[in-house]
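The chain is numbered in sequence order, starting from 1. Computed from a predicted model, the values in this text were never measured in an experiment.
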Amino acid sequence: MNSNSEKLSHAVFFALALSSISALVLITVFILVQGAPIIAEIGLFKFVFGMTWAPLKGEFGIFPMIVGSVSATIGAAILGVPIGICCAIFLAEFAPPLMRNIFRPAIQLLAGIPSVVYGFWGLIFIVPSIRDHLGGPGLSILAGSIILAIMILPTVISITEVSILALPSSYKEGALALGLNRWQTISSVILPAAKSGIIAAVILGIGRAIGETMAVIMVLGNAVALPESVLDPVRTLTTNIGIEMGYAVGAHRQALFATGIVLFVIIMVLNTTAQYIARRK
């Protein structure tokens, strides 16, 4: 009886795991089937590095949107990663238990807020502040970077904290026994030992930022042009798909699926890199 139950459980869990993989395969095949023809027709180089996106004229170049995605994501990493790592160090090494029990649910709640709420808040507060104090239209790379930085904080904080807490206590005890103070122990022992987990947290946070759509639609300005500063508006790959998919037909629709292929490849590379780094040790 026990053997039969174990076999049944094994079969059920295998079927669930297979269904997840099947969903990924189906999504991948669907995107490739829909988007590959237009890439073959235009040419991969011209599609990826083309400077003009004019569907009505049959011109499909996504390079300005790639630059927009990369710019907003790098800005989010510059603003959000240091704050996230410092917050994780504070929770793991300095915060008293009561404060830790308050901060952790708050960070988890931050991860559960819908992205449209972030976008609305950025549109009401961040965009006017940038326009009034720094100039420009306000709808800009900087506004998008600030919103994305806030949105990646839960990912960076949670994974970094877990990486630090997973270290053997002997690391810290040995460093303190050798005469290092608390800050020297953290900077010289704890952080280097947790490096792979921290890097994985950063890469996953970047993947979260580059795949965001709704919030950045509301604050980036959606201009299909190469930016000259962080105060210029841009359009990302995700916002391009979100804005135009509702009315696109024919080659235009295929080009949006091809944009999804490029985005899919970028995110898969980031996630694979994060998993490799996290498992290296």
Side-chain angles (χ1 to χ4, degrees), residues 1-40 44 62 69 73 76 104-105 107-119 148 151-163 165-166 196-217 236-246 248-249 253-281:
M1 187 66 180
N2 291 334
S3 176
N4 291 333
S5 299
E6 289 179 2
K7 290 180 180 179
L8 178 61
S9 301
H10 181 272
V12 170
F13 287 120
F14 177 76
L16 293 174
L18 188 62
S19 65
S20 301
I21 297 174
S22 300
L24 176 61
V25 171
L26 288 174
I27 291 172
T28 304
V29 171
F30 177 74
I31 294 176
L32 288 173
V33 169
Q34 294 293 325
I38 194 69
I39 295 179
L44 180 61
I62 63 171
S69 296
T73 302
R104 281 176 179 163
I107 293 170
Q108 294 171 1
L109 179 63
L110 193 66
I113 297 175
S115 60
V116 67
V117 175
Y118 285 107
L148 290 176
M151 295 181 71
I152 70 173
L153 282 178
T155 300
V156 176
I157 293 172
S158 299
I159 300 178
T160 300
E161 184 187 5
V162 169
S163 300
L165 293 176
S196 62
I198 295 173
I199 294 175
V202 172
I203 295 177
L204 290 174
I206 290 174
R208 171 76 173 87
I210 202 170
E212 178 55 40
T213 304
M214 195 62 217
V216 292
I217 283 179
T236 66
L237 296 170
T238 54
T239 57
N240 188 52
I241 297 171
I243 291 172
E244 299 188 6
M245 183 58 78
V249 293
R253 188 171 184 269
Q254 290 181 338
L256 293 178
F257 275 103
T259 304
I261 293 175
V262 175
L263 182 64
F264 187 77
V265 170
I266 293 172
I267 293 177
M268 287 295 293
V269 169
L270 288 173
N271 287 339
T272 302
T273 304
Q275 293 179 12
Y276 170 77
I277 293 173
R279 295 176 181 176
R280 191 170 61 180
K281 294 187 178 181

Thr213: side chain to side chain donor-acceptor pair (under 3.5 Å) partners, not counting sequence neighbours: none

Nearest atoms (heavy-atom pairs only) where Leu256 meets Ala248: CD1-CB, 3.6 Å

Thr238, Ile31, Asn240 screened by side chain to side chain contact (heavy atoms under 4.5 Å, CB included) with Thr259, the one that passes: Asn240

Closest non-hydrogen atom pair, Ala209 against Ile152: CB-CG2, 3.8 Å

Sequence neighbours excluded - side-chain hydrogen bond (donor to acceptor under 3.5 Å, both in side chains) pairs with any residue from residues 22-39: Gln34-Arg253

Spacing of Ile199 atom CD1 and Leu204 atom CG [to the nearest 0.5 Å]: 12.0 Å

Closest non-hydrogen atom pair, Ser69 against Thr236: OG-CB, 3.2 Å

Heavy-atom closest pair, residues Ile266 and Leu237: CD1-CD1, 4.3 Å

Separation between CG of Leu26 and CD1 of Ile21, rounded to the nearest 0.5 Å: 12.0 Å

Exercise: identify the closest heavy-atom pair between Ala258 and Ile38: CB-CG2, 3.6 Å

Min side-chain heavy-atom separation Ile107-Leu153 under 4.5 Å: no

Contacts of type side chain to side chain donor-acceptor pair (under 3.5 Å), residue Glu212, not counting sequence neighbours: Ser115, Arg208

Which atom of Tyr118 lies closest to which atom of Ile113, heavy atoms considered: CE1-O, 3.5 Å

Euclidean distance, Gln254 CD relative to Ile261 CD1, rounded to 0.5 Å: 10.0 Å

Gap separating the CD atom of Glu244 from the OG1 atom of Thr239, nearest 0.5 angstrom: 9.0 Å

